[in-house]
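Taking it in order: structure first as C-alpha cells, then the write-up.
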There are 2 protein chains.
Amino acid sequence: MTVSPGRRERKKAATRQKIADTALRLFLERGFDAVGIRDVAAEADVAVTTVFSHFASKEALVFEQDDDFEQRLTQAVTGRAPHEPLIPALRREIQSLVRHCAADSATPVWRMIDESPALREYEESMRLRHAESLATAIAADPDLSRTTTACRTIARFVIDAYSLAREAADPDAALDEIFRMIEAAWAVTRPSGSSTVVT
Amino acid sequence: MTVSPGRRERKKAATRQKIADTALRLFLERGFDAVGIRDVAAEADVAVTTVFSHFASKEALVFEQDDDFEQRLTQAVTGRAPHEPLIPALRREIQSLVRHCAADSATPVWRMIDESPALREYEESMRLRHAESLATAIAADPDLSRTTTACRTIARFVIDAYSLAREAADPDAALDEIFRMIEAAWAVTRPSGSSTVVT
DNA sequence: ACAGTAACACTAACCGTTAGGAGTTCACAT
DNA sequence: ATGTGAACTCCTAACGGTTAGTGTTACTGT
C-alpha cells in the first residue's frame, strides 16, 4: 500500500501528463519535425524549461511510458518460473511487446516514429540501453552460468528480434524464425559438464 | 580509366580534406564537445556553410573515411571464394576490422568516440545502415537461399559481433565466442532439402 | 571569349537545450 | 499556527548545430 501522494506530487504528475498529452497530440496532428518545443510548451501552457525538467529531450516526449519496456524484459528473466528455460520466457515477452505495438491504437504513433529519422535513432539507442540491462539480468541468474560475452550477445540478439519483428510484414512468423536462431545461438554457449537440464 | 580530375574537383577534395584534418586535430586536442563547428570552420579558413556542404553533421567529420566499412562487409560476401561458406568469410572480415580499430594509431580516436555519447550514438546508427546493406548482399547471393528475415537477422548479429568485440576486454576471445553463436544461428536457417554443402 | 554552373562566403536566422535567478507552493517540524 | 527549506515553475538570455537566402568567384565546356 502506498501512502496517498501529496498535493505536490499530484500536481507534478498532472503537469507531466499534460505536457506529454499535448505533445503527442501536436506531433500526430502536424508531424514530429513540424512541431517545436516552444509550440508544445505554449499549447500546454508551461515554460519551455518546465518541459525539459520533465523530459530529457524532445524525443523522450514520444517514448514517455516506454520505460517499462526495460522492466518487462528484466522481469521476464528474473521472474520466470523456477527452472524455466530462458529463451522461451524471453520469446513470450517479446511477442507480447510486439503485439502491443501492432495494436490499432498504437499504429499512428509508430507510423510517426518510422517517418522521423530522429525518432528512429533515439529508439535505437534506447534499445541499446535495454540490451545492457537485459544482459545484466541474464548474467545475474545463477541457473545460467554463462560468460559475460554470451549474456551480452544474447541480449543484443533478443533486442534485434524485437526491432526486426516490428518491421516485418508478418511479425509472428518473423519472431518464430528469429527465435529459432536465438535458441540455437544460446544452446552453443551451454558450459560443458552441465547437467541435462536445458536452461 | 578515369580522366584526370579537373582543377575544380581537386580543389574541392582539398577543401574537404583540410576541413576533416583540422576538425580531427581540434577534436583530439580539446575534445569533441569542446570544439564548435564555428571553431573548425575558422581554423580551416572556410565558412560554416562550407563545412556542412561537405559533411552532413558534426559527427560525420569524425567518421570521414569509415564509409568503406560498409563496402568491406558487402565485399566479404560478394567477393568470397566460390562455395566458401558465408560465416567464416564474415568472421575474417570482422576480425580484421576490429583489429584495425585496436591499432595504436587509431586508439586516440576511438577513445574520443567512447567518451562522447553523441559520437557513440551516431556510430550505432551508422552500424544499422551497414547491417541493412549487408543483409541485402546476403539476400542477393544465389548460393544462400535464405528468407529475408534470416538474412536481416544474421546481418544484425554480425554487426553486433563487431560492436561487442570492440568493447570486450579480449576482442579475439569475444569474437570466437560470438561467432560460434552466429554459426549456430545461421545453421538452423538452412532450407530443408538442400545439398550437403554447408554455406 | 562566353555562358553556365559548381564551390564557396556572408548574414541571419531556426531549433533544441541549458544556465541563472527569482517567485510561488507545498511539506514538515516546531 | 507558523516559519523554514525544498520542490516546482517561470522568465530571460544565451549557446551550439544546422539551414535558407543571396551573392561572388572561378572553373568548365563550347
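Chain naming here is simple, since letters A, B, ... match the order of the sequence lines and numbering starts at 1 in each.
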Only distances under 3.5 Å count here; give the side-chain donor-acceptor pairs of residues 37-44 of chain A to other protein atoms, sequence neighbours excluded, each with its distance to 0.1 Å.
residue, atom, partner, partner atom, Å
A:D39, OD2, A:G36, N, 2.9
A:E43, OE2, A:R25, NH2, 3.1

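To the nearest 0.5 Å, atom CD of residue A:Q75 and atom CZ of residue A:R80 are 12.0 Å apart.
With sequence neighbours excluded, the residues that form a ring pair (Phe, Tyr, Trp, His ring centres under 6.0 Å) with B:F27 are B:F32. By the side-chain contact (heavy atoms from CB on, under 4.5 Å) test, B:A47 is found to be paired with B:T49, B:T50, residues two or more places apart in sequence or in another chain being considered.
A cation-pi contact, defined as under 6.0 Å to the ring centre and within 45° of the axis, is absent between B:R92 and B:F179.
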Below 3.5 Å between N/O atoms, which protein atoms pair up with nucleotides 16-19 of chain C? Just atom names and distances, please.
residue, atom, partner, partner atom, Å
C:dG16, OP1, A:K58, NZ, 2.8
C:dG16, OP2, A:I37, N, 2.9
C:dG16, N7, A:R38, NH1, 3.0
C:dG16, N7, A:R38, NH2, 3.4
C:dG16, O6, A:R38, NH2, 3.3
C:dT17, OP2, A:K58, N, 2.8
C:dT17, O4, A:R38, NH2, 3.2

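Close to C:dA7, at under 4.0 Å from its OP1 or OP2, lies no side-chain N or O of B:S53. Listed pair B:H54 / C:dC8 meets the phosphate criterion, a side-chain N or O lying under 4.0 Å from OP1 or OP2.
Inspection of the B:E177 and A:T147 side chains reveals an N or O donor paired with an N or O acceptor under 3.5 Å.
Within a 6.0 Å sphere centred on CD of A:E115, other residues, nucleotides and ligands contribute more than 12 heavy atoms. A 6.0 Å sphere centred on CD of B:E84 holds more than 12 heavy atoms belonging to other residues, nucleotides or ligands. Within a 6.0 Å sphere centred on CD of A:E29, heavy atoms belonging to other residues, nucleotides or ligands number more than 12.
The one candidate from B:R127, B:R156, B:R152 that meets the salt bridge (Lys or Arg N to Asp or Glu O under 4.0 Å) condition with B:E132 is B:R152.
Within residues 116-124 of chain A, no residue has any heavy atom under 4.0 Å from DNA chain D. Only B:R7, B:R8, B:K11, listed by number, bring a heavy atom of residues 7-19 of chain B to less than 4.0 angstrom from any atom of DNA chain D.
When rounded to the nearest whole Å, the span between CG of A:L26 and P of C:dC15 equals 14 Å.
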